[in-house]
Amino acid sequence: GVEVGPQPQGVARADILDKMRKIVKHGLDFVQLFNEGKEFPPCTIEVFKIMEKVDYPRNKDGEIIAIIHPKLQDQDWQPLNKGDPLFLTLDGEVIPYQGNCTVYPTFINEAAYYEKKQAFVKTEKITLTARPLRCSGS
């Protein structure tokens with residue numbers, strides 16, 4: 001599957017549709033070249049591995065008591081370091097990130113995840129290495 005976003009539910013955006021078409025075309029081009037016997041050299045790629053889902057701060061009744069801090073909003077895949085603003089309480093108090101390492105939040109403040117009690121997902125940036133690849137033929 002391919003998910004390209006962010007895009008609100010029920011909304012069709014031309015820019016997102018164009019990105020989706022491009023990635024599907026790249027995938028099909030790869031399959032065609034692989035089937036033709038093209039050898040792909042070893043390579044590395046940076047990816048983001050999910051660490052954990054993070055909920056909004058809540059009171060004892062389970063009600064949300066803080067929102068995503070404005071400096072974090074729309075910063076998907078950007079580094080979040082210890083001490084960076086994370087949440088903002090309804091009283092204006094900043095709740096900073098207290099983690100021990102830099103993380104890369106994503107799915108920040110997405111409406112589809114409110115009911116799942118998810119403010120964002122913490123990811124870590126890792127590097128994957130792929131061996132050379134070539135169709136062995138049939």
Side-chain angles (χ1 to χ4, degrees):
V2 175
E3 182 178 344
V4 181
Q7 178 170 309
Q9 302 103 319
V11 175
R13 290 181 41 167
D15 60 330
I16 300 298
L17 180 60
D18 183 55
K19 288 177 183 179
M20 186 269 310
R21 284 181 174 147
K22 286 178 181 173
I23 194 69
V24 169
K25 182 185 180 315
H26 286 304
L28 293 172
D29 289 346
F30 169 81
V31 169
Q32 180 176 346
L33 291 169
F34 180 79
N35 287 340
E36 291 172 355
K38 177 170 174 59
E39 182 171 353
F40 294 88
C43 66
T44 59
I45 185 172
E46 287 186 334
V47 299
F48 296 89
K49 180 180 177 185
I50 293 175
M51 298 169 66
E52 69 176 302
K53 297 174 183 176
V54 177
D55 192 7
Y56 293 88
R58 295 179 183 270
N59 65 17
K60 61 180 170 54
D61 296 323
E63 298 166 328
I64 294 174
I65 59 170
I67 58 176
I68 295 293
H69 192 280
K71 289 186 178 180
L72 180 60
Q73 184 64 51
D74 301 321
Q75 296 301 306
D76 294 77
W77 314 113
Q78 299 304 309
L80 180 66
N81 300 296
K82 185 174 185 172
D84 287 348
L86 190 58
F87 294 105
L88 185 63
T89 68
L90 302 179
D91 296 333
E93 179 187 341
V94 174
I95 300 173
Y97 173 60
Q98 294 297 320
N100 295 325
C101 63
T102 298
V103 295
Y104 298 82
T106 189
F107 305 117
I108 300 169
N109 201 27
E110 292 217 10
Y113 297 113
Y114 270 69
E115 64 188 35
K116 296 178 182 179
K117 296 184 175 184
Q118 180 179 311
F120 63 92
V121 173
K122 285 195 312 189
T123 69
E124 62 179 327
K125 189 188 295 189
I126 62 173
T127 301
L128 297 178
T129 301
R131 297 182 308 235
L133 180 64
R134 183 181 195 135
C135 180
S136 61
S138 42

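We count residues from 1, following the sequence as given.
More than 12 heavy atoms of other residues, nucleotides or ligands shown are found within 6.0 angstrom of CD on E39. Atom CG of L17 has more than 12 heavy atoms from other residues, nucleotides or ligands within 6.0 Å. More than 12 heavy atoms of other residues, nucleotides or ligands lie within 6.0 Å of CG in L90, so this atom counts as buried by the packing criterion. Heavy atoms of other residues, nucleotides or ligands lying less than 6.0 angstrom from CG of N100 number 12 at most.
To the nearest 0.5 Å, atoms CE (M20) and CZ (R13) are separated by 13.5 Å. Between I23 atom CD1 and L28 atom CG the span is 10.5 Å, to the nearest 0.5 Å. Between atom CZ of residue R21 and atom CD1 of residue I16 there is a gap of 13.0 Å, rounded to the nearest 0.5 Å. Taking OG1 of T102 as the reference point, atom CG of N81 lies at 3.5 Å (rounded to 0.5 Å). Put simply, OG1 on T89 and NE2 on H69 are 10.0 Å apart, with the number rounded to the nearest 0.5 Å.
For the pair V94/L88, a side-chain contact is recorded, criterion being any heavy-atom separation below 4.5 Å from C-beta on. Side-chain atoms of P132 and P41, non-hydrogen and from C-beta on, never get closer than 4.5 Å to each other. Taking the side chain as every heavy atom from C-beta outward, N109 and Q73 approach each other to under 4.5 Å.
Of all heavy-atom pairs between I126 and K49, the closest is CD1-CB, 4.0 Å. Nearest heavy atom pair, residue D76 against residue I108, reads OD2-N, 3.2 Å. The shortest heavy-atom contact between P96 and G83 is CB-O, 3.6 Å. Counting all heavy atoms, side chain and backbone alike, Q75 lies closest to K71 at CG-O, 3.3 Å. Closest of all the heavy-atom pairs between G37 and R134 is O-NE, 3.2 Å.
Aromatic rings from Y56 and Y114 are positioned such that their centres are separated by under 6.0 Å.
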Assess the residue pair R58 and K117 against the criterion (side-chain contact (heavy atoms from CB on, under 4.5 Å)); give the C-alpha distance rounded to whole Å, side-chain angles, the decisive distance to 0.1 Å, and a yes or no.
CA-CA 10 Å; R58 295 179 183 270; K117 296 184 175 184; 3.4 Å; yes

Working for side-chain contact (heavy atoms from CB on, under 4.5 Å), residues E46 and T127:
CA-CA 4 Å; E46 287 186 334; T127 301; 3.9 Å; yes

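The side chain to side chain contact (heavy atoms under 4.5 Å, CB included) test with V103 is passed by exactly one of M51, E124, K82: M51.
D18 has a carboxylate O that lies under 4.0 Å from a charged side-chain N of K22, or vice versa, which qualifies the two as a salt bridge.
Put simply, V121 and Y113 are part of the same group of oily side chains (I, L, V, M, F, W, Y) that touch within less than 4.5 Å, one to the next. One hydrophobic cluster holds both I68 and L86 under the rule that ILVMFWY side chains link at heavy-atom gaps under 4.5 Å. A single hydrophobic cluster is seen to contain both I64 and Y97, as judged by linkage of ILVMFWY side chains at heavy-atom distances under 4.5 Å, directly or through other members. In the hydrophobic clustering of this structure, L72 groups with I95; members are Ile, Leu, Val, Met, Phe, Trp, Tyr whose side-chain heavy atoms approach within less than 4.5 Å, directly or through other members.
Grouping Ile, Leu, Val, Met, Phe, Trp and Tyr residues whose side-chain heavy atoms lie under 4.5 Å apart, directly or via other members, places V31 in a hydrophobic cluster with F30, L33, F34, F40, L133. Clustering of Ile, Leu, Val, Met, Phe, Trp and Tyr side chains at separations under 4.5 Å places W77 together with F48, Y104.
The closest donor-acceptor contact from the side chain of N59 to the backbone of D61 lies under 3.5 Å.
Residues forming a ring-ring contact (aromatic ring centres under 6.0 Å, His included) with F87 (at least two apart in sequence, or on another chain): none.
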